[in-house]
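A short write-up of the structure that comes next.
Quick caveat: nothing in here was measured; it's all calculated off a predicted structure.
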Amino acid sequence: MWRGLALLGVAELGASVKRSILVAAIYAVAGLALLCSLGFLVAAGHGALAWRYGADVASLVLAGWFFVLALGIALIGLAIKWRAQRRRSMATTALVVAPTVAPVALRALARRPNLAATIAATVLAVGALVGSRWAARSDS
């Protein structure tokens, strides 16, 4: 019985891999068609601008537009990278500070088990837990 289930799982895995390859190939063809259409769009835009303003001006206008587009995309990428680095550094700081401070808080709790020490230890424990989850999420 288990052998039949294992074979069924292998067959489903093989079908899933084939579907994934087929979908990737379809996306690749769609991407190629999109690139071709964008090429024709740029050529048509160049032709229209050249008819109206001349070939040199049309080339300069399109070069300027593509420069602005590339700059905008690069700035978005840098912002995303900066945000991820900032989140990762904050999580790393929490992971380093919490284990360092936790023994001191536990000793204070052992000496004077009052409400303030209990709250501090709880905050440190929750901070370490949240920091480790945050670091795991930001790395993926």
Side-chain angles (χ1 to χ4, degrees):
M1 178 175 156
W2 293 108
R3 184 175 178 185
L5 288 176
L7 291 176
L8 180 63
V10 170
E12 286 183 20
L13 180 64
S16 175
V17 168
K18 286 179 185 176
R19 261 193 316 273
S20 296
I21 291 172
L22 179 64
V23 168
I26 289 171
Y27 282 157
V29 171
L32 184 62
L34 179 65
L35 286 175
C36 289
S37 70
L38 288 175
F40 279 106
L41 178 66
V42 169
H46 185 272
L49 287 171
W51 178 73
R52 174 92 174 162
Y53 299 108
D56 292 338
V57 173
S59 296
L60 289 172
V61 166
L62 286 177
W65 275 106
F66 280 115
F67 178 77
V68 169
L69 179 67
L71 188 63
I73 292 170
L75 289 175
I76 290 170
L78 285 173
I80 291 170
K81 181 181 176 185
W82 177 78
R83 183 176 173 197
Q85 285 178 343
R86 184 170 166 234
R87 182 181 299 143
R88 193 174 306 122
S89 68
M90 289 172 61
T92 303
T93 301
L95 286 173
V96 169
V97 169
T100 306
V101 176
V104 174
L106 290 175
R107 273 186 260 137
L109 181 63
R111 276 188 244 136
R112 290 179 265 127
N114 59 12
L115 183 62
T118 304
I119 291 173
T122 304
V123 167
L124 286 172
V126 170
L129 181 64
V130 169
S132 67
R133 299 286 183 197
W134 196 7
R137 188 180 66 203
S138 66
D139 288 338
S140 59

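- V61 and F66 fall within a single hydrophobic cluster, where Ile, Leu, Val, Met, Phe, Trp and Tyr are joined by side-chain heavy atoms under 4.5 Å apart, directly or via other members.
- Residues A58 and A50 approach most closely at CB-N, 3.5 Å, considering heavy atoms.
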Show which side-chain atoms of residues 28-48 pair as donor or acceptor with protein atoms under 3.5 Å away, not counting sequence neighbours.
from	atom 1	to	atom 2	distance (Å)
S37	OG	L34	O	2.7
H46	NE2	S59	OG	3.0

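- Taking Ile, Leu, Val, Met, Phe, Trp and Tyr as members and joining any whose side-chain heavy atoms lie under 4.5 Å apart, directly or through other members, the hydrophobic cluster of V23 also contains Y27.
- Hydrophobic clustering places L62 together with Y53 (ILVMFWY residues linked when any side-chain heavy atoms are closer than 4.5 Å, directly or through intermediates).
- In this structure, the separation between CD1 on I76 and CG on L71 is 10.0 Å, given to the nearest 0.5 Å.
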